[in-house]
Structures are given as structure tokens and as C-alpha cells.
Amino acid sequence: MLCSLHSLSYCSAPSTGALKSSPIINSSRVYKFLRVRCCSSRDKNQEPVTNFGGVQLEETVDLKAAGKLRLDSWISSRIVGISRARVQSSIRSGLVSVNGQVINKASHSVKVGDKVNCTISELQPLRAVPEDIPLDIVYEDDHVLVVNKPAHMVVHPAPGNVTGTLVNGILHHCSLPTVAFKNQEVLSDVEDISDEEELTSSICAAASVRPGIVHRLDKGTSGLLVVAKDEHSHAHLSEQFKLHSIQRVYISLTSGVPSQSSGRVEVPIGRDSNNRIRMTAIPGPIKHGQARYAASRYKVIEILAGGACALVEWRLETGRTHQIRAHAKYLGIPLLGDEVYGGTKNMAMSLLQPRTPPSCHGKLLKLVSGLERPCLHAFALGFIHPHTRDNIHFSRPPPPDFAEALHQLREIGTEKVLGI
């Protein structure tokens, strides 16, 4: 399917209010929360908190947190399970003070001895309104819509991303009215961690939500995504995702080359206990509540830059959150540009510099530094049409940022893998 890639060329919360005016909450709840959620050795069997609204934190930065540390990072580390985005929203709402002074910058640096007082903002109901956003429509009929999502676009509204999402654009495109999202869909503190199976079931349960987002792509991932335009199509497509019969092909640029040119990764994926926005591959037997079954197939299409990078095809058997990114890290080949999963600029340069003359290092640093997202693209999508029952397939080449990185890496060196 990807042979043509070798020859492709491209052109390139409370909205206001100071801390002192925040509502008083029951002190026993506060102290119980701090005792249970902020201690270093919490009960692993404890149910996760899903709404931190009104929770307060009053604490002094200690020696262990010494050094240059962002305010939002420090608060997130003290309230286990809360999202960093939720903390940032509370800071912007004027609900956090340091040494008695209200701070509204999440990047504010804290130091040893600083006294931090924080109240977590309440979750606000979200409404998705139609917005005139340009969309790359690959296919459309009365029942389904296939969109080529650009990188950096969020699929559906969530705290911190209420407008400018794919849903907002589709509402306008389909001339649909404003829709309200139920709390359990997008108002949870774990809104950025949801498997595709969970996503389809939660949205399907709310008949008022249109258009029907059947699956999603990460904000930084570009490529193909199918949307249901009626209830029957939504249910039919959701069942295909549940049965893993949807054909999905992704391509990526990786830091390093897999030890085997093709293979299958069957390693469960769960939340990283050290970073709540990151998932991690957890080898061994699946333990309840810690990880879920996940399987990915990969194939090296092209070895780039003398073995510093590779163009890799991925086919998903399951739809876990960040599945490709987590499995790529597990294989020791994090995606180029994926700072969260180890594909850092330093790692990329450490692989590229030994394989290139010093005169090229400046250009390479510019290339690597210019990557603002993981180099991952949903290249192909195939499914059975919910009404015609035809098996239909679509594909789209990667966008200019991915294509330019691929082009520059090929200029350094390229080696096509035999059998591809």
C-alpha cells in the first residue's frame, strides 16, 4: 500500500474571581483529600477521583521540589490524578496564590519555601457551537463523512479546547445546531485519556450529540477520521471499531530503526504512574485497573539518514490511547518530535550527528527544532459502509511538515527495505 510513498514529493472553571472569593468547602473533605491523594504511598485499589472541583491545597514547597519548577507542574504533582490542564485552568481563573499573591501564569517558577494556596476550579458545562472552520472533506454522503484532520486540531470540545475543534467545524459544515455535551463525556478530569472503545460507547449513549464522533486522533496526529451523520451509521461504525474490523494504517517517522524490519507488539498499555498525560507499555500479565490489552503490527518501509530514523507503517488491532506512541517507545524507537514519549530533540540529534558531516548539523538542528508534534499520520482508512454495505477505502498523503522532514532525511540517506 505504501510503495508510492517512495516517490511522493510535496510542496511544502470559574471564568473570573480571585482566590479569596472562592467558595468555602468542607474542611474535613479537604484534609481527607490531601491525606489520601497527595501522600506518596496511596492505596492502589482506591477509586480514582473524577471531579476535583472545589478541592483546596495549602502547602509549602519543600526541598525535594527544589530548583526551577513550574507552578502548574508542582501543583499537579501534589494532587494525584488531576490533569495539568485542569490546574492551568484554575491558575488562569485566579484561584492560585504564591506567598499571598495571586498568580495567573501557569509557567510561574516556584522555589523552596514558597507557600502555595490553590483551589481547583469547578467543571463548567461545555457546549459545542457551529464554527466556520475549513475542513478537508475526503468523502461525504447522507450517512458518513470522512475528514483529513490537520495536526494540532482537537477532535471534540473538552476543558481548555471548547472552540476550534473538529466537531465545531462539522456542526457548521452539516448545518447542525449547537449541542451540549453531557458531563460524563467531556467533563471528567481524565478527558484526555479515553480508549476508542470507551469513546464510542459514551457518545453513542447520548442521542442528543451530533455529529457522531466514532473514533478520534490525538491532537498532534494528522490524517483520516470517519464521522457518522445518523444514529444507525454511528451504531454500525461503533460496532466495527469494537470488533476491530476497521482497517487503519498509520505512517510515522521514528528516532532509530527497529531491530526487526517487521513485527507485532502485543503488550498491554496503561497509564504511566509518573505522568498522567502519558500511557506506557506494561509487559506481563494484565492486572485489573492497571493496563489493557493492546496489539500493533509494524513494518519498516524505509531506513533514513543512515539508520538514524525510519519510515514505519503501523496497523492497529486495538484502539488504546496513544497506542502507537507507547508501543514505539517500548520498541526503543520513539516517534520523531514526540517529546512526551522520548522522541526528544536531543535524542534525534544524538542519532543524526554521528551520521552526517558537521556542516549539516545546523540544518539538522533547525529541522528537529521545527517539529511541533509527533510525526504520525493516519494514512489509510477502510470500513464497511453502514447503509450500502460496500467495503470502502480512503488514503491521504502526509501533510507538508511530515513530508518536509521525510524529504530532508532522505537527502542524508535512504535505504528501501526489501519486500516492501
Side-chain angles (χ1 to χ4, degrees), residues 1-8 10 133-151 153 155-156 165-167 169-176 195-204 207 209-218 221-252 295-299 301 311-320 323-324 376-399 402-403 420:
M1 176 179 288
L2 298 181
C3 296
S4 58
L5 283 174
H6 296 309
S7 57
L8 286 177
Y10 301 87
I133 301 172
L135 298 176
D136 182 3
I137 305 296
V138 175
Y139 172 84
E140 182 176 14
D141 59 25
D142 291 339
H143 310 290
V144 298
L145 184 72
V146 177
V147 181
N148 186 21
K149 186 187 87 68
M153 174 182 274
V155 171
H156 57 76
T165 72
L166 183 63
V167 165
I170 292 175
L171 286 172
H172 178 272
H173 175 79
C174 298
S175 301
L176 295 173
D195 292 339
E196 287 173 355
E197 289 88 343
E198 296 169 347
L199 185 68
T200 56
S201 63
S202 65
I203 294 182
C204 191
V209 178
R210 294 291 179 269
I213 300 298
V214 185
H215 64 131
R216 70 174 192 176
L217 299 175
D218 291 340
T221 303
S222 58
L224 296 174
L225 183 142
V226 60
V227 179
K229 296 175 70 174
D230 58 60
E231 217 165 330
H232 169 79
S233 297
H234 191 287
H236 195 279
L237 288 169
S238 296
E239 185 66 15
Q240 291 183 59
F241 272 97
K242 184 178 179 181
L243 296 174
H244 310 302
S245 60
I246 298 279
Q247 297 178 33
R248 290 172 289 172
V249 180
Y250 294 75
I251 55 173
S252 69
S296 310
R297 295 182 183 274
Y298 73 89
K299 180 167 58 178
I301 304 299
L311 176 64
V312 179
E313 173 193 294
W314 300 85
R315 294 175 184 262
L316 298 183
E317 296 181 21
T318 55
R320 305 304 176 212
Q323 179 170 319
I324 292 175
L376 181 63
H377 175 70
F379 176 79
L381 178 68
F383 55 89
I384 297 173
H385 193 284
H387 286 262
T388 67
R389 298 299 192 269
D390 291 335
N391 203 339
I392 54 179
H393 300 267
F394 307 93
S395 64
R396 280 296 181 273
F402 187 116
I420 300 301

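Scope of the values below: all heavy atoms of this structure, side chains included, with no hydrogens, waters or symmetry mates.
- The two residues Ile213 and His234 have their closest heavy-atom pair at O-NE2, 3.7 Å.
- Here the CG-OH distance, from Leu381 to Tyr250, works out to 8.0 Å after rounding to the nearest 0.5 Å.
- Contact record, Arg396 with Val138: NH2-CG1, 3.4 Å, taken as the closest heavy-atom pair.
- With rounding to the nearest 0.5 angstrom, the CG atom of Leu166 is 10.0 Å from the NE2 atom of His156.
- Listed by first and then second residue, the salt bridge (charged side-chain N to carboxylate O under 4.0 Å, His left out) pairs that reach into residues 138-149 are Glu140-Lys229, sequence neighbours excluded.
- A donor-acceptor pair under 3.5 Å is formed between the side chain of His215 and the backbone N or O of Val226.
- No donor-acceptor pair under 3.5 Å is formed between the side chain of Thr221 and the backbone N or O of Leu376.
- Minimum heavy-atom separation, Asn148 to Gly223: OD1-CA, 3.3 Å.
- Ser222 meets the side chain to side chain donor-acceptor pair (under 3.5 Å) test with Arg373, His377; sequence neighbours excluded.
- To the nearest 0.5 Å, the span separating CD1 on Ile384 from CD on Gln247 amounts to 9.0 Å.
- Taking CG from Leu225 and CZ from Arg248, the interatomic distance works out to 10.5 Å, rounded to the nearest 0.5 Å.
- Residue Leu145 holds its CG atom at 7.5 Å from CG of Leu135, rounded to the nearest 0.5 Å.
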Task: Candidate pair Arg315 and Glu313, rule salt bridge (Lys or Arg N to Asp or Glu O under 4.0 Å), full reasoning - done: CA-CA 7 Å; Arg315 294 175 184 262; Glu313 173 193 294; 2.8 Å; yes
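- For the pair Phe394 and Leu224, the tightest heavy-atom approach, listed with the atom from each and the gap, is O-CD1, 3.5 Å.
- Distance check: Ile246 CD1 to Leu237 CG gives 5.5 Å after rounding to the nearest 0.5 Å.
- In terms of heavy-atom proximity, Gly169 sits nearest to Ile133 at N-CD1, 3.9 Å.
- Looking only at distances, a side-chain donor or acceptor of Ser245 sits under 3.5 Å from a matching main-chain atom of Gln240.
- The aromatic rings of Tyr139 and His385 stand perpendicular to each other, their planes meeting at an angle above 60°, with 30° marking the opposite boundary.
- A pairwise comparison of heavy atoms in Gln323 and Ala295 identifies NE2-O, 2.8 Å as the closest pair.
- By the 4.5 Å heavy-atom criterion applied to side chains, Val144 and Pro386 are counted as neighbours.
- Side-chain contact between Phe379 and Trp314: absent, with no pair of heavy atoms (C-beta onward) separated by less than 4.5 Å.
- Residues passing the salt bridge (Lys or Arg N to Asp or Glu O under 4.0 Å) test with Glu239, sequence neighbours excluded: none.
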